[in-house]
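Predicted model, so just to flag it, every value in this text is computed and none were measured. In what follows, every heavy atom counts, from backbone to side chain, and hydrogens, waters and symmetry copies are set aside. Protein chains get the first letters and strands the later ones, always in sequence-line order, with residue 1 at the start of each.
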Amino acid sequence: MIPQQARSSNGKRMVFSETMYHNIIKILADLRSRLQAQLTIFADMNGYPIAYDQDVEDVDIIAMTALAAGTFAATAEMAKLVKEKERFRFIYHEGVNRNIYMCNVSKEYIMIILFDKSVAMGMVRILTHNTVEKLEKILEELAREHAKASQFLDVEFKSLLGKELDKYFGIK
Amino acid sequence: MYIDQLRQEIQFKIVYYGPGLGGKTTNLEYIYSQLDPSVRGELVSLKTKDERTLYFDFLQLKFGRINNKRPRFHLYTIPGQKHYGFSREIILRGADAVVFVADSQPARMKENLDTLADLEKKMIAQKQSLDKFPWVIQYNKRDLVNSMSIESMQASLNFLNVPWHQAVALNGKGVFETLRSVIDLIMVNA
Ligand SMILES: Nc1nc2c(ncn2[C@@H]2O[C@H](COP(=O)(O)OP(=O)(O)OP(=O)(O)O)[C@@H](O)[C@H]2O)c(=O)[nH]1
Ligand SMILES: [Mg+2]
């Protein structure tokens with residue numbers, strides 16, 4: 001099993017097994033096809049995309065996720081301001097042609113869906129709800145495992161990285 | 001840090017922190033302007049009308065395979081203005097390292113100190129602390145004639161003896177040196 005790891009916001013390192021990762025992708029692909037959505041992303045609250053499924057490669061996933069995490073954070077603050085005890089559960093942006101729906105997956109993760117205007121909002125909510133439940137089950141399993149970064153960042157990697165950076169950074 | 005073994009990616013988050021108008025955004029703009037498009041993404045900037053950072057700037061650096069792994073660096077700047085405290089807290093979450101961009105003008109010294117204190121407070125809120133966390137200082141705006149001496153800036157800000165650099169972000173001097181040194185620090189600590 002190949003470990004997949006991320007550091008959650010409380011500093012813990014999370015490990016995804018390859019099977020879990022493939023399961024997540026499958027869940028995202030399933031949701032995307034059922035909604036005929038253009039894009040589904042599963043990401044952590046820090047703005048790291050963990051997995052996504054996309055029909056055409058025209059959206060910058062990295063930027064999209066960073067902005068989504070920022071939006072979520074802002075909304076959480078708004079919830080505080082109006083003394084809403086829980087965070088808002090989802091955020092919805094309506095465009096002329098495309099809509100974006102974003103929601104929490106447990107406390108540490110988010111899901112982003114980009115879909116066509118013609119898809120009924122009720123359907124999005126119901127199918128997304130099911131998907132979130134499936135993802136949360138996977139996250140429960142995940143919570144038990146940990147790993148160390150040093151396994152991945154060996155001495156050779158570090159020295160080769162330095163050379164690569166010098167090539168682009170133009171430092172004499 | 002986030003390791004995606006399937007796509008063979010290792011992602012690191014570097015946050016440029018510092019007082020308002022210190023030159024954080026200028027650092028990212030210079031990096032963006034100099035790097036080959038093959039190794040950088042788009043610069044995402046959320047700005048107010050008067051060019052101040054409203055939420056954050058974001059730039060991804062992506063390198064080819066190194067020992068079968070693709071390193072990615074996510075650079076963020078925080079908004080330095082006082083009233084954006086909550087944005088700073090959120091952007092700092094999950095950071096692997098910080099570049100503290102200090103303003104060399106004497107009139108900005110209090111802002112430098114306040115912002116450093118603010119950083120430490122937010123670190124503690126995340127159960128971390130500056131004396132155990134990888135960070136470097138960049139003394140920016142060295143081109144200004146009234147800039148403070150490095151000795152006195154060091155004495156006030158670098159009490160933890162972290163790596164430091166002089167810079168003129170506006171023309172790029174010291175910008176890549178700073179970035180290189182913070183990446184080195186991440187590698188030492190990883
Ligand atoms: N003279 C001089 N001006 C600089 C230098 N670096 C940045 N500036 C100028 O300082 C001003 C503020 O720079 P920004 O990069 O926007 O500052 P910031 O730290 O991102 O500010 P906030 O977003 O408000 O936190 C701009 O007018 C820059 O052109 C420098 O090295 N020398
Ligand atoms: Mg800025």
What residue, out of A:G47, A:G162, A:A69, A:A51, has the most heavy-atom pairs lying under 4.5 Å from chain B?
-> A:G162
How long is the span from the OG atom in B:S33 to the CZ atom in B:R40, to the nearest 0.5 Å?
-> 8.5 Å
Structural part of B:I91 lying under 4.5 Å from a heavy atom of chain A | neither
Tell me, do A:Y101 and A:M121 make a side-chain contact under 4.5 Å, heavy atoms counted?
-> yes
Counting only heavy atoms closer than 4.5 Å, note whether B:Q11 contacts chain A via side chain, backbone, both or neither.
-> both
B:I90 versus chain A, heavy atoms under 4.5 Å apart: side chain, backbone, both or neither?
-> side chain
Count the heavy-atom pairs under 4.5 Å between each of B:D184, B:I183, B:V188 and chain A, then report the option with the highest count.
-> B:I183
Contact winner vs chain B - A:I62, A:L165, A:L160, A:L67, heavy-atom pairs under 4.5 Å | A:I62
Can you hop from B:Y16 to B:V168 via hydrophobic side chains spaced under 4.5 Å?
-> no
Other residues, nucleotides, ligands: >12 heavy atoms within 6.0 Å of A:Q36 CD = no
When the ring centroid of B:H74 is compared with that of B:F58, is the distance short of 6.0 Å?
-> yes
